[in-house]
Amino acid sequence: MTGRLVTTDVLIIGGGLAGERCAIEAAAAGHEAIILSLVPPRRSHSCAAQGGMQASLANCVKAAGDNPTVHFLDTVRGSDWGADQEVATIFAEEAPIAVRELAHFGVPWSRVRGGKNHYFIKGEEVDIDESLENDGLIGQRDFGGTAKWRACYAAAGTGHAALYAVDSEVVRLGITVRDRTEAVALIHDGSRCTGAVVRDLRNGSHFTVIAKATVIATGGYGRIYGQYTSNATINEGTGAAIALDTGVVPLGNMEAVQFHPTTLSPSGILVTEGCRGDGAYLLDKNGDRFMVELEPEKQELASRDVVSRHMQQRMRDGLGIDSPYGPHLWLDCRHLGEEHMRTKLLEVWDICRDFVGRNPAKDLIPVRPTQHYSMGGVRVNKDGQAYGLAGLFAVGEASCWDMHGFNRLGGNSLSETLVSGRIVGRRVAEYASGHALRADTGLAFAALADAERKAANWLARSGSGPNVYEIRDAMGETMMHKVGIFRNGDELQEAIAELGQLLDDCDNAVLRCKDPGVNPELAFALRLKGMLRLAMTVAKGALARTESRGAHYRSDYPLRNDKEWLSRTLVRWGAGDSEPTLSYEPTGIIDLPPGHRGYGSDERIEMTETLEKHNEDVLQEQTRHGRLASTEDMGSRLRRGAWKSATG
């Protein structure tokens with residue numbers, strides 16, 4: 001090891017829940033692991049998750065009869081049949097293990113109270129007698145798009161509790177964490193990844209890390225939507241951007257972007273779905289509870305894409321509440337009472353008090369839909385191994401493992417971080433055990449020199465070029481207003497043209513601060529082109545997908561088209577290319593046939609080919625697009641036909 005070159009068995013880029021859980025698995029197998037993190041891990045965006053973590057424990061009356069098959073059904077329906085059904089099966093089966101493991105790590109789960117409990121369900125006050133035998137078991141609350149109460153929770157601070165517990169395990173195991181560092185490029189030879197070039201944000205210096213296996217766990221890319229996101233400022237898509245830069249690794253389903261129905265207006269801070277799960281209502285400016293009429297079965301607890309569209313349309317129709325920051329709607333928690341708000345929804349109580357000066361037990365909460373989650377990411381197989389580049393893995397929101405398809409159910413992301421962290425971590429450990437450390441120092445130092453040259457070029461620019469923050473803000477406005485909740489061909493074409501101009505502006509932008517060391521403006525400038533390229537892949541993918549599926553809604557193509565679009569978008573951007581290249585692969589082996597989700601519209605263009613015909617070419621087609629062989633055969637974890645017993 002030298003100051004300029006560091007070696008390790010496993011390099012994890014990202015210090016949130018998925019990355020840390022992956023590192024724990026690698027370390028438990030005896031491998032040396034290094035975690036790189038933009039911030040100290042306990043400040044990672046995982047900490048912002050509030051309402052719950054889905055796992056079919058069936059511990060309370062309203063969860064009776066729940067099991068992994070029912071969870072699988074909800075997940076596939078929630079994805080609008082965009083998910084890989086084998087991955088959804090693996091996830092649903094492993095989630096209960098991950099939740100109980102967190103209890104062992106020290107997460108203070110809210111617990112079932114035996115005896116009479118008071119709830120609000122679909123606007124009605126209900127008393128339910130919980131079994132005394134279940135007293136003290138992990139409690140569960142209702143969440144959107146689910147048939148059973150399944151979200152395990154620690155008040156409204158579930159992510160905070162989980163992250164602190166997992167990070168404590170990282171500390172206990174002595175895993176090396178290098179915070180305030182950022183991976184700016186992957187080191188690879190076109191067929192195998194051997195590490196990354198890293199920038200130290202404390203002093204601006206660069207160094208390389210050579211590893212047997214490299215894992216991208218950097219979270220989502222919500223900040224391409226500027227101020228219109230609930231994501232932390234660190235969620236700028238750095239992991240996806242450096243994967244795209246390889247020209248080899250594709251990103252999957254980048255147009256699949258989720259908007260959360262209830263974020264605080266105007267700040268965009270998340271107000272958990274747990275509020276609606278516990279019985280809160282959505283109201284328009286007339287005080288009408290509009291979701292009862294629009295979605296009589298699920299009401300406020302339809303899937304997020306459906307609720308967000310209804311809310312946005314309500315405001316478009318002039319029924320929003322005007323404010324200096326644009327229209328919003330109301331979330332009504334008043335009937336839940338102060339005791340409930342200050343125990344089961346404490347974080348919501350604090351957020352409302354601190355950021356809008358409101359008491360949610362007495363006052364309505366101003367909310368509106370805002371970008372929240374990225375279903376797209378680095379395309380991987382079921383082992384988490386990236387397409388096209390051996391030795392590279394991705395996990396959590398940074399990946400397109402693809403259990404979410406075109407819409408993620410609330411609480412499934414927090415579960416995914418732990419479930420995929422465990423599973424992919426084991427595969428990473430196996431890969432590291434089977435491969436020697438290949439330290440091609442020439443390749444590494446060439447990549448290092450290129451990264452240093454890029455930083456020097458930014459500092460050398462002079463004149464009166466565009467400001468990087470103005471480019472960022474313009475990107476956010478374009479993405480929210482033209483690649484947002486409602487999309488159409490004309491606006492998507494305009495967005496692509498505007499993003500193309502911003503890419504040109506980025507090449508001419510000039511920094512105000514020329515300090516090569518601790519320089520946040522330089523650090524952001526080095527990310528900006530990658531963010532613009534990610535934004536372009538989202539807009540291009542949305543324009544090409546001429547249907548509506550999950551969170552991708554085209555007003556000019558309003559129907560889900562199972563005849564032509566049961567496919568996953570793959571996007572690559574070759575070195576020197578002026579625009580990305582799109583291709584398509586099958587979503588995966590289909591066991592549950594496409595049908596109605598149970599909420600939203602039931603109008604769709606039906607699939608015409610048989611499932612047998614669809615499924616016979618899946619492996620061949622995905623392999624043609626870069627899929628690497630998985631440890632187990634494709635489809636081996638599917639429980640074929642098990643869903644039939646769960647649907648009666």
Side-chain angles (χ1 to χ4, degrees), residues 68-92 144-147 252-253 255-258 295 297-298 302-306 309 375-376 382 400-409 412 487 541-542 544-554 557-570 584-622 625 634-635 637-648:
T69 300
V70 180
H71 192 181
F72 160 83
L73 278 170
D74 287 344
T75 298
V76 174
R77 288 168 174 161
S79 78
D80 218 359
W81 273 267
D84 183 314
Q85 295 191 17
E86 183 181 16
V87 173
T89 300
I90 295 168
F91 162 74
T146 63
N253 281 351
E255 67 269 32
V257 178
Q258 181 174 90
E295 294 290 337
E297 178 61 31
K298 297 298 289 184
S303 63
R304 289 176 176 176
D305 60 308
V306 171
R309 279 196 294 274
M375 276 80 73
K382 66 179 178 179
C400 183
W401 195 36
D402 214 10
M403 53 165 280
H404 302 304
F406 274 77
N407 177 70
R408 172 177 73 78
L409 292 184
N412 266 1
R487 301 167 174 178
R545 184 171 287 271
T546 51
E547 66 154 356
S548 293
R549 186 178 298 272
H552 169 69
Y553 185 84
R554 289 282 299 265
Y557 294 94
L559 299 184
R560 191 181 87 198
N561 187 343
D562 295 329
K563 180 180 179 180
E564 298 176 345
W565 285 104
L566 276 173
S567 57
R568 180 178 299 106
T569 307
L570 299 177
Y584 298 90
E585 67 171 6
T587 56
I589 295 174
I590 296 177
D591 181 36
L592 177 68
H596 181 39
R597 302 168 80 191
Y599 41 81
S601 174
D602 190 23
E603 293 186 78
R604 61 187 182 277
I605 299 171
E606 300 278 358
M607 181 180 186
T608 54
E609 71 175 349
T610 65
L611 291 185
E612 291 75 15
K613 176 62 177 174
H614 173 89
N615 290 339
E616 68 181 15
D617 295 329
V618 170
L619 177 58
Q620 178 181 343
E621 281 298 297
Q622 290 192 356
H625 285 284
M634 176 181 280
R637 292 289 300 273
L638 269 174
R639 299 179 65 236
R640 297 175 190 264
W643 56 269
K644 295 177 182 177
S645 62
T647 57

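One finds the CG atom of N561 at 7.0 Å from the OG1 atom of T546 (value rounded to the nearest 0.5 Å). The distance from the CZ atom of R597 to the CG atom of D74 is 11.5 Å, given to the nearest 0.5 Å. Here the straight-line distance linking atom OH of Y584 with atom OG1 of T569 works out to 4.5 Å at 0.5 Å rounding. Distance check: S303 OG to R77 CZ gives 12.5 Å after rounding to the nearest 0.5 Å. To the nearest 0.5 Å, atoms OG1 (T75) and CG (L592) are separated by 11.0 Å. Here the CD1-CH2 distance, from I590 to W81, works out to 10.5 Å after rounding to the nearest 0.5 Å.
Residue V618 is tested with Q620, Q622, E616 for a side-chain contact (heavy atoms from CB on, under 4.5 Å); the sole match is Q622.
For E621, the side-chain contact (heavy atoms from CB on, under 4.5 Å) partners at least two apart in sequence or on another chain are P586, D617, R624, H625. R549 meets the salt bridge (charged side-chain N to carboxylate O under 4.0 Å, His left out) test with E547, D562; sequence neighbours excluded. Under the salt bridge (charged side-chain N to carboxylate O under 4.0 Å, His left out) criterion, R604 pairs with D602, E606, sequence neighbours left out.
For the pair S601 and E603, the tightest heavy-atom approach, listed with the atom from each and the gap, is OG-N, 3.0 Å. Minimum interatomic distance between K298 and T146 (heavy atoms only, all atoms of both residues): NZ-O, 2.7 Å. Residues C400 and G376 share a closest heavy-atom pair of CB-C, 4.5 Å. For P68 against A92, the heavy-atom pair with the smallest separation is O-CB, 3.3 Å. Listed here is the closest heavy atom pair of G405 and A256: O-CB, 3.9 Å. A pairwise comparison of heavy atoms in G144 and L409 identifies O-CD2, 3.8 Å as the closest pair.
Using a 4.5 Å heavy-atom cutoff, the side chains of D591 and W643 are in contact. Using a 4.5 Å cut-off on side-chain heavy atoms (C-beta onward), F406 and R545 make contact. The shortest side-chain heavy-atom distance between M607 and H614 falls under the 4.5 Å cut-off. Between R487 and V257 the shortest side-chain heavy-atom distance falls below 4.5 Å. In this structure the side chain of M375 never reaches within 4.5 angstrom of the side chain of N253, judged on heavy atoms. Looking only at side-chain heavy atoms (C-beta outward), F72 and R639 stay at 4.5 Å or farther from each other. Contact check for V87 versus D402: no side-chain heavy atoms found under the 4.5 Å cut-off.
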When you look at E564 and I605, which way does the side-chain contact (heavy atoms from CB on, under 4.5 Å) test go after all the steps? CA-CA 9 Å; E564 298 176 345; I605 299 171; over 6 Å; no

Could you go step by step and tell me if H552 and D305 meet the side chain to side chain donor-acceptor pair (under 3.5 Å) rule? CA-CA 8 Å; H552 169 69; D305 60 308; over 6 Å; no

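Between E86 and R637 there is no salt bridge, since no side-chain N of the basic residue sits under 4.0 Å from a carboxylate O of the acidic one. Salt-bridge check for D84 with K382: failed, with every basic side-chain N at 4.0 Å or more from each acidic carboxylate O.
When the shell of 6.0 Å around OH of Y599 is examined, it contains more than 12 heavy atoms from other residues, nucleotides or ligands.
Of the possible polar contacts, none joining the N407 side chain to the G550 backbone as a donor-acceptor pair under 3.5 Å is found. No side-chain donor-acceptor contact under 3.5 Å links T587 to the backbone of R568.
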